[in-house]
Amino acid sequence: MASWPYHLVKFLSWLILRFGLGLEVRGQSHVPAAGAFIAASNHVSYLDPLVVGVACPRRLCFMARSTLYAHPLMRGFLRAMQVIPLQRGEADVWAVREATRQLTRGQPVAIFPEGGRQVSGILGQAKRGVGLVAALAEVPIVPVFVHGTSKALPPGSRWPRRAKIQVAFGPQIAYTGERFSATSAPSSAAGTIVRADSSHRVSVHRSMRHQALADAVTQSWRRLKEEVEQVRPTSS
């Protein structure tokens, strides 16, 4: 699919965010110059996808709730941007597979792993799914912290208002390269039990690893939040 619509939208959005809202970006050196990665961002405003897309030096493929595709005009725009529809509140196997497919092709993917906007403004917890996708695609996670979008476009507002927006990229979080395999056992009832138990332990181990990756994202957000809050934004 042609990439010009994405870059056109990104350029126009950059003009608005940089000169209209004083967008400031730091830590872009943590973004890989080549190869796939997951950009895992906190989420407090509908502006966040636009802001993350503008701040990231690489083109991103976003995941967004499938209900946005219900609007014909929005559906055309999202398809042009190659946005992956995601069914919230359930295990969306198709969305995970599509995100993994994009990543294995070398396309970076942006995920908001808190599971939705944190309208309270309080930083949430990254959910295990971000670790699952990273492990399946074998790509690093780049944590992203967005600050100020909740003031620029708070819940219930239709138009942005002037507010300082800051974006910080953190150090990469490596996926696990560990491989699992059930121990071979004789073809017998006892062997079947051994294999079942081994398979269960493998599943639990993987689940714990995925959660550990998600927890690492949350911890990185907290560090980035402290760093951003320590830097006094320039007047705009």
Side-chain angles (χ1 to χ4, degrees), residues 9-32 37-65 68 81 83 86 88 108-127 129-131 134 140-173 213-236:
V9 170
K10 180 173 181 176
F11 175 71
L12 295 176
S13 300
W14 177 81
L15 290 176
I16 296 172
L17 292 170
R18 180 66 184 89
F19 297 106
L21 297 174
L23 173 67
E24 293 182 355
V25 184
R26 59 188 299 179
Q28 287 182 319
S29 60
H30 295 302
V31 177
F37 64 92
I38 293 174
S41 175
N42 65 309
H43 194 15
V44 292
S45 169
Y46 287 133
L47 268 182
D48 295 337
L50 194 65
V51 169
V52 173
V54 168
C56 185
R58 299 278 304 281
R59 175 175 180 171
L60 297 172
C61 177
F62 286 84
M63 299 183 76
R65 70 178 193 274
L68 293 176
M81 297 298 105
V83 174
L86 174 67
R88 285 184 179 171
V109 172
I111 299 177
F112 296 93
E114 289 166 298
R117 286 182 305 150
Q118 305 299 299
V119 294
S120 65
I122 299 175
L123 190 62
Q125 300 276 341
K127 297 187 181 300
V130 66
I141 302 172
V142 176
V144 187
F145 179 73
V146 178
H147 177 74
T149 52
S150 59
K151 294 182 180 178
L153 189 67
S157 297
R158 299 185 62 182
W159 302 102
R161 61 187 67 172
R162 192 168 183 80
K164 177 66 66 176
I165 296 177
Q166 296 166 285
V167 181
F169 294 89
Q172 297 178 34
I173 300 170
L213 288 170
D215 292 342
V217 170
T218 302
Q219 293 168 9
S220 183
W221 283 344
R222 291 172 179 167
R223 288 192 295 268
L224 292 172
K225 181 176 184 291
E226 292 177 357
E227 293 173 6
V228 167
E229 291 178 343
Q230 288 173 0
V231 177
R232 183 183 299 275
T234 56
S235 59
S236 55

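No hydrogens, no waters, no symmetry mates; every other heavy atom, side chains included, goes into these values.
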Item checked: Stepwise side chain to side chain contact (heavy atoms under 4.5 Å, CB included) test for F19 and W14 -> CA-CA 8 Å; F19 297 106; W14 177 81; 3.8 Å; yes
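- Between the side chain of E114 and the main chain of G124, a donor-acceptor pair closer than 3.5 Å is present.
- Taking each heavy atom of P113 and V130 in turn, the nearest pair found is CB-CB, 3.9 Å.
- Rounding to the nearest 0.5 Å places CZ of R223 at 14.0 Å from NZ of K225.
- The minimum heavy-atom distance linking V144 with A39 is given by the pair CG2-CB, 4.1 Å.
- F37 contributes atom CZ, which lies 5.5 Å from atom CG of L60 (distance to the nearest 0.5 angstrom).
- Panel note: side chain Q125, backbone T218; no donor-acceptor pair is recorded below 3.5 Å.
- When atom types are taken as modelled, the side chain of Q118 and the backbone of G116 share a donor-acceptor pair closer than 3.5 angstrom.
- Between F62 and F112, the two ring planes are parallel [angle under 30°; tilted spans 30° to 60°].
- Remark: side-chain polar atoms of T149 are not paired, donor with acceptor, to backbone N or O of D48 under 3.5 angstrom.
- Here the side chains of P49 and H43 are in contact, with some heavy-atom distance below 4.5 Å.
- Separating the CD1 atom in I111 from the NZ atom in K127 is a distance of 13.5 Å, to the nearest 0.5 Å.
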Check: Should H147 and N42 be marked as a side chain to side chain contact (heavy atoms under 4.5 Å, CB included) after you check the CA-CA gap, both sets of side-chain angles, and the distance that decides it?
Finding: CA-CA 9 Å; H147 177 74; N42 65 309; over 6 Å; no
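- Within a 6.0 Å sphere centred on CZ of F11, other residues, nucleotides and ligands contribute 12 heavy atoms or fewer.
- H30 contributes no side-chain N or O that, together with a main-chain N or O of P32, makes up a donor-acceptor pair within less than 3.5 Å.
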Next item on the list: Just do the side chain to side chain contact (heavy atoms under 4.5 Å, CB included) check on V44 and V146 with the steps written out, would you?
Entry: CA-CA 8 Å; V44 292; V146 178; 5.6 Å; no
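- Residue L213 holds its CG atom at 5.0 Å from CD1 of I141, rounded to the nearest 0.5 Å.
- The closest donor-acceptor contact from the side chain of K164 to the backbone of G22 lies under 3.5 Å.
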